There are 2 protein chains.
Amino acid sequence: MRIGQLARRSGVSVRALRYYEEQRLLESARTSGGQRDYPDEALERVQLIQDLFAAGLSSRTVVELLPCVSTGVATPAMLDQLITERDRITVRIQDLTRAKAKLGRVIENVTAANVAQD
Amino acid sequence: MRIGQLARRSGVSVRALRYYEEQRLLESARTSGGQRDYPDEALERVQLIQDLFAAGLSSRTVVELLPCVSTGVATPAMLDQLITERDRITVRIQDLTRAKAKLGRVIENVTAANVAQD
DNA sequence: CCTGAACCTGACGTCGACGTGAGGTGTGAG
DNA sequence: CTCACACCTCACGTCGACGTCAGGTTCAGG
């Protein structure tokens, strides 16, 4: 599969895929002409990378954790890192939940005021 | 209250407070010498700003919503905006929850493998 | 009056995940 | 062979929330 097709299938830009390779998050074979040629598994890989980015991990962290995420084998340091990141996400979810509640109260307030005005 | 004290109390940097003023998120009176002088309510205001930033809102969005968040009065457009932002947070929480579950599974996998090795 | 800490206004630097443009090459249909 | 389109490699630009440095001013205690 060439880069354009992988981009369309995964929903990320061509530029992003090249960036992933530059950051050693994603490998590619090359055709005789020097063009990237991806195996089908690359699609899952890209989606995994996107998930980890969406979770707020940096590319540096992702490149460290990708091996054990795909192989299931980890050093103690990697396990620590995994747990640290999960905890970070937990805290982030708590923050967002509080913020959401706060916005919810504002919305209720405003709605009540508007209804009262009608 | 001067800027240093507000910074210490709120936990944000002096630079951040000046930035908030530059973005019209926070006002200050000035002493005869030109130094910023904050009322006590500024503390809550700063914490509110931080909460909204933590929720992923941009300063542009915050400056638009701050009036109705503090006064409880909103135009229909502001109400729309509020609801849009709350929905964004909801989606974000879902994403993070999925990512957390994924990391959790990886951690289980790795832990199981390590225990099996012992 | 003096001094050191705290404050002031510019204005440039940072970081990460790409966007974008330049200038050139590979690929496949007709 | 040609043509269009997809692809290639630099390499600079972007955006947001500040960090940081320079060069000067204000404030409070002694």
Side-chain angles (χ1 to χ4, degrees), chain A residues 1-39 42 45-66 81 85 88-89 92 95-96 99, chain B residues 1-39 42 45-66 81 85 88-89 92 95-96 99:
Chain A
M1 178 174 22
R2 289 196 300 174
I3 197 171
Q5 192 172 3
L6 180 56
R8 279 189 301 273
R9 283 196 191 171
S10 62
V12 313
S13 70
V14 167
R15 176 67 174 97
L17 293 176
R18 296 205 186 103
Y19 175 73
Y20 296 167
E21 183 167 330
E22 190 184 326
Q23 302 297 309
R24 308 201 157 282
L25 301 175
L26 181 65
E27 305 173 55
S28 66
R30 296 297 179 113
T31 68
S32 56
Q35 300 200 352
R36 288 173 180 81
D37 184 25
Y38 296 97
R45 179 88 168 199
V46 171
Q47 286 165 347
L48 176 57
I49 293 171
Q50 286 284 299
D51 286 350
L52 295 176
F53 277 176
L57 308 205
S58 68
S59 68
R60 228 182 72 79
T61 306
V62 173
V63 79
E64 288 169 7
L65 294 184
L66 262 182
Q81 179 91 325
E85 294 302 336
R88 269 177 17 84
I89 296 175
R92 187 96 183 92
D95 287 353
L96 286 177
Chain B
M1 181 175 18
R2 290 197 301 174
I3 198 170
Q5 192 172 5
L6 180 56
R8 277 187 304 271
R9 284 197 191 171
S10 62
V12 314
S13 70
V14 168
R15 176 65 175 98
L17 294 176
R18 295 205 186 103
Y19 175 74
Y20 296 167
E21 183 166 332
E22 190 184 326
Q23 301 297 310
R24 309 201 158 280
L25 302 175
L26 182 65
E27 306 173 55
S28 66
R30 296 296 179 116
T31 69
S32 56
Q35 301 200 350
R36 289 172 180 82
D37 185 25
Y38 296 97
R45 180 89 168 199
V46 171
Q47 286 164 348
L48 176 58
I49 294 171
Q50 286 283 300
D51 285 351
L52 294 177
F53 277 176
L57 308 204
S58 69
S59 69
R60 228 181 73 78
T61 306
V62 173
V63 79
E64 287 169 8
L65 294 183
L66 263 181
Q81 181 92 323
E85 295 300 336
R88 269 177 16 84
I89 296 175
R92 187 95 185 93
D95 286 353
L96 286 176

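Naming convention: chains lettered A, B, ... in sequence-line order (proteins, then strands); numbering from 1 in each chain. The structure presented is a predicted model; accordingly, all values stated were derived computationally and were not measured. The figures that follow rest on heavy atoms only: side chains count, while hydrogens, waters and symmetry mates do not.
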Check: Does B/S59 or B/T31 map to a spot on DNA chain D nearer the 5' end, using the closest nucleotide for each?
Finding: B/S59
Note to self: Strictly distance-based, threshold 3.5 Å: is any side-chain N or O of B/D37 a donor or acceptor partner for the main-chain N or O of B/M1?
What the structure shows: yes
Item checked: Basic-acidic side-chain contact under 4.0 Å: B/E85, B/R88 -> yes
I'd like a table of atom pairs between the protein and nucleotides 6-10 of chain D - only N or O on both sides, under 3.5 Å - with the distance next to each one.
residue, atom, partner, partner atom, Å
D/dC7, OP1, A/G4, N, 2.7
D/dC8, OP1, A/R36, N, 2.8
D/dC8, OP1, A/R36, NH1, 2.9
D/dC8, OP2, A/R18, NE, 3.1
D/dC8, OP2, A/R18, NH2, 2.9
D/dC8, OP2, A/R36, NH1, 3.4
D/dT9, OP1, A/R30, NH1, 3.1
D/dT9, OP1, A/R30, NH2, 3.3
D/dT9, OP2, A/R36, NH1, 3.0
D/dT9, OP2, A/R36, NH2, 3.0

Checklist line | Among D/dG19, D/dC27, D/dC18, the nucleotide that comes nearest once only the side chain of B/F53 is considered | finding: D/dC18
Notebook entry, point to check: Roughly, in whole Å, what's the span from CG in B/L17 to P in D/dA17?
Noted result: 15 Å
Notebook entry, point to check: Choosing from D/dA17, D/dC27, C/dC18, which nucleotide comes nearest the side chain of B/S58?
Noted result: D/dA17
Check: So among B/Q50, B/E27, B/R45, which one has a side chain to side chain donor-acceptor pair (under 3.5 Å) with B/Y20?
Finding: B/Q50
Margin query: Just the rounded figure in Å: distance from P of D/dC18 to CD of B/E22.
Written below: 12 Å
Notebook entry, point to check: Once you round it to whole Å, what is the distance between P of C/dT20 and OH of A/Y19?
Noted result: 17 Å
Checklist line | B/L66/B/L48 under side chain to side chain contact (heavy atoms under 4.5 Å, CB included): CA gap, chis, key distance, verdict | finding: CA-CA 9 Å; B/L66 263 181; B/L48 176 58; 3.6 Å; yes
Notebook entry, point to check: Nearest-Å distance, CG (B/L25) to C1' (D/dC18)?
Noted result: 13 Å
Notebook entry, point to check: Any sub-3.5 Å donor-acceptor pair from B/R60's side-chain atoms to B/Q23's backbone N or O?
Noted result: no
Check: B/Y20 OH to D/dG16 C1': how many Å, rounded?
Finding: 12 Å
Margin query: Determine whether a donor-acceptor pair (N or O, by modelled atom type, separation under 3.5 Å) exists between the side chain of B/R92 and the backbone of B/G56.
Written below: no
